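Working notes, structure below.
Since the model is a prediction, treat every value here as computed from it, not as a measurement. In this chain, numbering begins with 1 at the start of the sequence shown.
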Amino acid sequence: SLLQLKLWNKYRVSNIPSLIFIDASTGKVVCRNGLLVIRDDPEGLEFPWGPKPFSEVVAGPLLRNNGQTLDSSALEGSHVGVYFSAHWCPPCRSLTRVLVESYRKIKESGQKFEILFVSADRSEDSFKQYFSEMPWVAVPYADEARRSRLNRLYGIQGIPTLIVLDSKGDVITRQGRVEVLNDVECREFPWHPKPVLELTDSNAVQLNEGPCLVLFVDSEDDGESEAAKQLIQPIAEKIIAKYKAKEEEA
């Protein structure tokens with residue numbers, strides 16, 4: 001029915017079963033990953049399962065691939081890329097190769113940036129092998145509860161996913177993967193979402209994220225695409241501002 005379709009679209013359900021908790025008084029989503037919640041907290045001790053701050057969910061020791069540990073408080077004051085990935089997944093491995101270069105460039109430009117690897121590997125050994133290629137930090141593989149809490153916090157539905165946070169721990173973009181592939185020189189870092197994008201192979205995945213307006217223009221004529229951009233830019237900015245005021249995702 002139309003209502004069912006509207007609900008699927010509203011909550012961007014891309015696979016089933018999917019369980020989403022909502023605050024009935026405000027209509028806001030409390031938690032997207034309800035299935036993980038009831039698996040991790042069968043007694044309901046953490047009810048109502050609202051989002052906690054990143055610093056609280058990540059709290060504890062982190063690893064470097066040389067075996068050193070550091071406390072998660074070391075991330076404070078930096079932009080953080082929370083990287084959900086696994087060695088068994090080929091798109092993850094190819095993203096990691098690009099990300100290693102991006103990480104180096106951003107650090108060399110003097111910006112405070114750290115990446116936190118949250119593994120979905122199937123064994124400690126494959127985690128270690130994969131992590132040995134990474135110059136950043138990771139949640140220890142054995143700490144399954146903390147890895148799961150981070151998956152829950154960001155409603156992760158597939159890998160690779162790179163979520164970019166500002167220095168306060170708030171989400172800048174959930175589309176870090178697209179941004180890294182589109183901006184190899186990292187000129188746009190930390191990748192604040194743009195109201196209007198040019199559609200490419202790598203960012204087309206965002207068409208699945210919610211309602212989109214796609215404008216087709218004759219690309220032979222550069223002036224025409226620029227004029228089209230200027231036409232829809234103010235409309236896009238207005239819509240984004242409206243959702244931001246409601247503290248909702250556009």
Side-chain angles (χ1 to χ4, degrees), residues 31-33 36 50-66 68-86 89 92 95-121 127 130-194 206 209 244 247 249:
C31 170
R32 286 192 178 281
N33 264 16
L36 276 181
K52 295 186 168 76
F54 169 70
S55 57
E56 191 180 316
V57 175
V58 78
L62 302 175
L63 291 179
R64 290 208 175 276
N65 63 15
N66 61 5
Q68 273 185 321
T69 63
L70 68 162
D71 189 72
S72 58
S73 59
L75 299 175
E76 283 168 23
S78 293
H79 283 83
V80 177
V82 190
Y83 184 36
F84 298 85
S85 187
C89 144
C92 292
L95 180 61
T96 297
R97 285 194 289 275
V98 179
L99 198 51
V100 167
E101 285 305 303
S102 303
Y103 178 75
R104 191 177 54 75
K105 283 177 190 156
I106 294 163
K107 299 281 267 193
E108 280 174 3
S109 75
Q111 302 191 73
K112 290 183 113 182
F113 181 51
E114 198 45 74
I115 292 177
L116 173 68
F117 172 40
V118 184
S119 166
D121 288 292
F127 161 75
Y130 193 28
F131 187 40
S132 71
E133 304 163 19
M134 301 179 184
W136 45 74
V137 297
V139 176
Y141 185 79
D143 195 344
E144 202 175 326
R146 194 161 31 138
R147 288 191 291 126
S148 188
R149 281 199 299 272
L150 284 158
N151 272 279
R152 267 164 48 194
L153 179 62
Y154 297 116
I156 301 303
Q157 296 200 342
I159 55 172
T161 294
L162 177 67
I163 306 231
V164 182
L165 310 178
D166 66 17
S167 54
K168 296 203 257 336
D170 295 326
V171 174
I172 291 175
T173 178
R174 301 176 58 86
Q175 299 292 340
R177 175 193 185 179
V178 172
E179 298 292 355
V180 162
L181 296 175
N182 268 350
D183 179 25
V184 179
E185 292 303 315
C186 307
R187 289 197 182 99
E188 307 276 330
F189 177 80
W191 303 303
H192 288 280
K194 294 191 189 76
Q206 289 174 250
E209 291 283 306
K244 210 168 189 167
E247 289 180 22
E249 284 188 54

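R104 contributes atom CZ, which lies 9.5 Å from atom SG of C186 (distance to the nearest 0.5 angstrom). Taking CD1 of I156 as the start and CZ of R147 as the end, the distance is 13.5 Å to the nearest 0.5 Å. Between atom CZ of residue R149 and atom CZ of residue R146 there is a gap of 7.5 Å, rounded to the nearest 0.5 Å. Between I159 atom CD1 and R177 atom CZ the span is 10.0 Å, to the nearest 0.5 Å. Atom CD in E114 sits 8.0 Å away from atom CG in L70 (nearest 0.5 Å). Separation of atoms CG (N151) and CZ (F84) is listed at 5.0 Å; rounding is to 0.5 Å.
The two atoms that bring C92 and A86 nearest to each other are CB-O, 3.3 Å, heavy atoms only. Of all heavy-atom pairs between S109 and I106, the closest is OG-O, 2.7 Å.
Applying the side chain to side chain donor-acceptor pair (under 3.5 Å) definition to pairs two or more places apart or across chains, those involving residues 73-83 are D71-S73, Y83-S85, Y83-T96. The list of ring-ring contact (aromatic ring centres under 6.0 Å, His included) pairs with a residue in residues 137-173, not counting sequence neighbours, reads F127-Y141. For residues 150-159, the salt bridge (charged side-chain N to carboxylate O under 4.0 Å, His left out) pairs, not counting sequence neighbours, are D40-R152, E46-R152.
Every ring pair (Phe, Tyr, Trp, His ring centres under 6.0 Å) that Y130 has, sequence neighbours left out, goes to H87, F117.
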Can you give the donor-acceptor pairs under 3.5 Å from side chains of residues 55-65 to other protein atoms, not counting sequence neighbours?
from: N65; atom 1: ND2; to: F131; atom 2: O; distance (Å): 3.3
from: N65; atom 1: ND2; to: S132; atom 2: O; distance (Å): 3.3
from: N65; atom 1: ND2; to: M134; atom 2: O; distance (Å): 2.7

Tell me which donor-acceptor pairs under 3.5 Å the side chains of residues 162-169 have, and how far apart each pair is, sequence neighbours excluded?
from: D166; atom 1: OD1; to: K168; atom 2: N; distance (Å): 2.9
from: D166; atom 1: OD1; to: G169; atom 2: N; distance (Å): 3.0
from: D166; atom 1: OD1; to: D170; atom 2: N; distance (Å): 2.9

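Ring pair F113/W191 is perpendicular by interplanar angle, where above 60° counts as perpendicular and below 30° as parallel.
Listed for the S148 side chain is no donor-acceptor partner under 3.5 Å among the backbone atoms of E144.
At most 12 heavy atoms of other shown residues, nucleotides or ligands fall within 6.0 angstrom of atom NZ in K244.
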